[in-house]
Number of protein chains: 2
Amino acid sequence: MSNIRKPPTMADIARVMGVSPMTVSRAFKADSLVSTETREAILKAAEDLGYVFDSTASNLRSQKSDFVAVTIPSINNANFADTVGGLADTLATRNMQILLGYTNYDMQEEERLIEQLLRRKPQAIVVTGGRHTPRARRLLETVNIPVIETWDIPTEPIGHYVGFSNAGAVRQMVDHFVSAGHRRIAFIGGDVGRDTRGSERRTGFIAAMEAHGLDASRLIAAGAPPISMREGANAMARLIEIYPDTQAVVCVSDLAAYGALTECRRLNVAVPERFAIGGFGNYEIGEVCVPTLTTINAFAREIGEKTARLILDILDDGLPVEDVRITPELIVRDSSR
Amino acid sequence: MSNIRKPPTMADIARVMGVSPMTVSRAFKADSLVSTETREAILKAAEDLGYVFDSTASNLRSQKSDFVAVTIPSINNANFADTVGGLADTLATRNMQILLGYTNYDMQEEERLIEQLLRRKPQAIVVTGGRHTPRARRLLETVNIPVIETWDIPTEPIGHYVGFSNAGAVRQMVDHFVSAGHRRIAFIGGDVGRDTRGSERRTGFIAAMEAHGLDASRLIAAGAPPISMREGANAMARLIEIYPDTQAVVCVSDLAAYGALTECRRLNVAVPERFAIGGFGNYEIGEVCVPTLTTINAFAREIGEKTARLILDILDDGLPVEDVRITPELIVRDSSR
DNA sequence: CTGAAAGCGCTAACAC
DNA sequence: GTGTTAGCGCTTTCAG
């Protein structure tokens, strides 16, 4: 009557084929020792029966899940999407799968998420950033798998990291503006205290300005991170109102920078002639918009790829591996020249 | 010597606490019947021991994984990201987790992915689109869990669907252009044959044009889907070269439309006065750029939320549920008025 | 409210 | 190249 019958197991295939379950199991492992004909017959029978391999049982017995847990702040961000893409593609070469969670830029949520992900017994865990709640930190320190922090150089790494200095990257941008002759430079970012990478970029801006002996007080907080294009535009309007003689602005991301650019167009402020703009992240928008956007390339995809390779190296031979320091690249485009 | 000791299990906690493993198990289920004091003591002991609940074992025994498998064409697409966000947030209210895979707009890859995801024994599977390889289709038909196709109205649904007519949405845009007085209207999309939603939009364009008795031959293929902003810009240059008297263009996505817009600006073609532009997907860029972009809102996040609710309804009471037909909304902005 | 026994579906370990 | 046995860590089931 019911067409919801119990799905077949290896035992069922074994019975049909007149072999032991173990032989069926072996037939599914490419490298395992079964005669070619038995294997082919078994695989065919499996397909005919509509058998679906049960990873859960396999994982429990073999104590490996082929999962890599990954937390990112937001799924809707091209930079983090690129990192995840690099991770996923590289791990797929070894049939490992990503278990993704997003924190919504909230460390509390990150803690919750890390705990949830660890229950699935991933073989490694990748987190974004180097700051975590004490409990999250403890969970990561205690867990028995490789831990990789990304998109940052943690002050005190938990395990490994693949990242870059957000402050240093912003310094490159400030140096570029200064050597172009600008002195009155502003920063547009999110409200402090949530997005840690954004905060570090802001801190980096202040430090870089002070290193040049320049005033670092033109800081516009555009709302809760991540800053949207719209918020970038609003921030620009505010900036021009409060500090009308500003010559250049460093934006926490290309999205904010693009918003700022559109606001300049609306206000008939010439970019870059009257106002130079710099962004962060090398988003596609920056190379297509008019004028094109000066930005920082943080090599998002490479971060993912290198993280994946690092994980595979550790899992393969457990040898000590080197952390990866990425050097972000300043890309000067029309919005600042 | 080695600090890699075996992680504690429920049995370890039971031993320490002098209770049975079953009681420990119950202590971890919120609704389960254990005295409050025993539960609290057990949870504390677990925390002290650094215990991490093992979902794999739990899943195997209880035959439920709390996974929902999801395939999307690309992780780096704001529309699909919104759908996944809606899904994930809604499912999180029931502690269900998304197992995400992306197909790279390739049905072959989708088949591979579906097979891989099903091995994890998800409790439902959500796929993007209504076209699949025969084998993928068979896998989905045979599997014993709810199957939901999204972002489309499948000709022959496998299980349920939460989607809209891509052709119908484009018709709205064509009607808008026609009633604005345009007659020579073009379409910019990707190469045919890969992105099924893009192909349907193209087909819908042709049908709508013919319904108005207009010539539907101005079709620009901009490359392999998904079309980037850059490819949109290139396509626009080509369009103006080949069909200089074109009055309006329907683009397969806002990204292509934005690229087209920037090309117009570079060529000093006034938008919308000399050339009206329409996009698809209601991306953020469209409401910030100058001029703002006319587009179609397909309610990406709602698709995810409604899919999640549909899944929860089925899992909760197995009652027959209604498929969801979304009605996309035409948003007229400055690029066409 | 708590416990004992059995088993989810697979594979490690060993035997032949 | 193949089979047997046991058990991964949890929860269902039944008993009290």
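Protein chains get the first letters and strands the later ones, always in sequence-line order, with residue 1 at the start of each.
- A 4.0 Å heavy-atom criterion places the boundary nucleotides of DNA chain D facing chain B at D/dG9 to D/dT13, written 5' to 3'.
- Using a 4.0 Å cut-off between charged nitrogen and carboxylate oxygen, A/Asp66 and B/Arg119 do not count as a salt-bridge pair.
- Per the geometry, CZ belonging to A/Phe53 stands 7 Å off C1' belonging to C/dC10, to the nearest Å.
- The distance from atom NZ of A/Lys64 to atom C1' of C/dG9 is 17 Å, rounded to the nearest whole Å.
- Not one side-chain nitrogen or oxygen of B/Thr23 sits closer than 4.0 Å to the OP1 or OP2 atom of C/dT2.
- For C/dC10, the OP1/OP2 oxygens have a side-chain nitrogen or oxygen of A/Tyr51 closer than 4.0 Å.
- We find that B/Lys44 and B/Asp48 are joined by a salt bridge, their nearest charged nitrogen and carboxylate oxygen being less than 4.0 Å apart.
- Distances were taken from every side-chain heavy atom of B/Ser35 (C-beta onward) to each of C/dA12, C/dG3, C/dT2; the shortest belongs to C/dT2.
- A close approach under 4.0 Å does occur between a side-chain nitrogen or oxygen of B/Thr38 and OP1 or OP2 of C/dT2.
- OP1 or OP2 of C/dT11 has at least one side-chain nitrogen or oxygen of A/Ser25 nearer than 4.0 Å.
- Between atom CD1 of residue B/Ile148 and atom CD1 of residue B/Ile314 there is a gap of 5.0 Å, rounded to the nearest 0.5 Å.
- Atom CZ of B/Arg26 and atom P of C/dA4 are 11 Å apart (whole Å).
- Residue B/Gln63 has a polar side-chain atom (N or O) positioned under 4.0 Å from OP1 or OP2 of C/dG9.
- Under a 3.5 Å cut-off, the side chain of A/Arg15 and the backbone N or O of A/Pro21 do not form any donor-acceptor pair.
- The nearest pair of heavy atoms linking B/Arg39 to B/Ala30 is NH2-O, 3.8 Å.
- The residues A/Asp152 and A/Arg131 are annotated as not salt-bridged, no charged nitrogen and carboxylate oxygen being separated by less than 4.0 angstrom.
- Rounded to whole Å, the distance from CZ on B/Arg15 to C1' on C/dG3 is 16 Å.
- Separating the CG atom of A/Asn59 from the C1' atom of C/dA12 is a distance of 15 Å, rounded to the nearest angstrom.
- Within 4.0 Å of B/Met10, counting heavy atoms only, lie sugar-phosphate atoms of the nucleic acid but no base atom.
- Classified by interplanar angle (parallel below 30°, tilted 30° to 60°, perpendicular above 60°), the ring pair B/Tyr51/B/Phe28 is tilted.
- Between the CD1 atom of B/Ile153 and the CG atom of B/Asp323 there is a distance of 8.5 Å, given to the nearest 0.5 Å.
- For the pair A/Glu141 and A/Arg138, the salt-bridge criterion is not met [side-chain N within less than 4.0 Å of a carboxylate O].
- Rounded to whole Å, the distance from CE on B/Met22 to P on C/dA6 is 16 Å.
- Within the 4.0 Å cut-off from OP1 or OP2 of C/dA12, not a single side-chain nitrogen or oxygen of A/Lys29 is found.
- Listed by residue number, the members of residues 113-121 of chain A with any heavy atom below 4.0 angstrom from DNA chain D form an empty set.
- One interatomic measurement links the two molecules: CG of B/Leu60 to C1' of C/dG7, which rounds to 9 Å at whole-angstrom precision.
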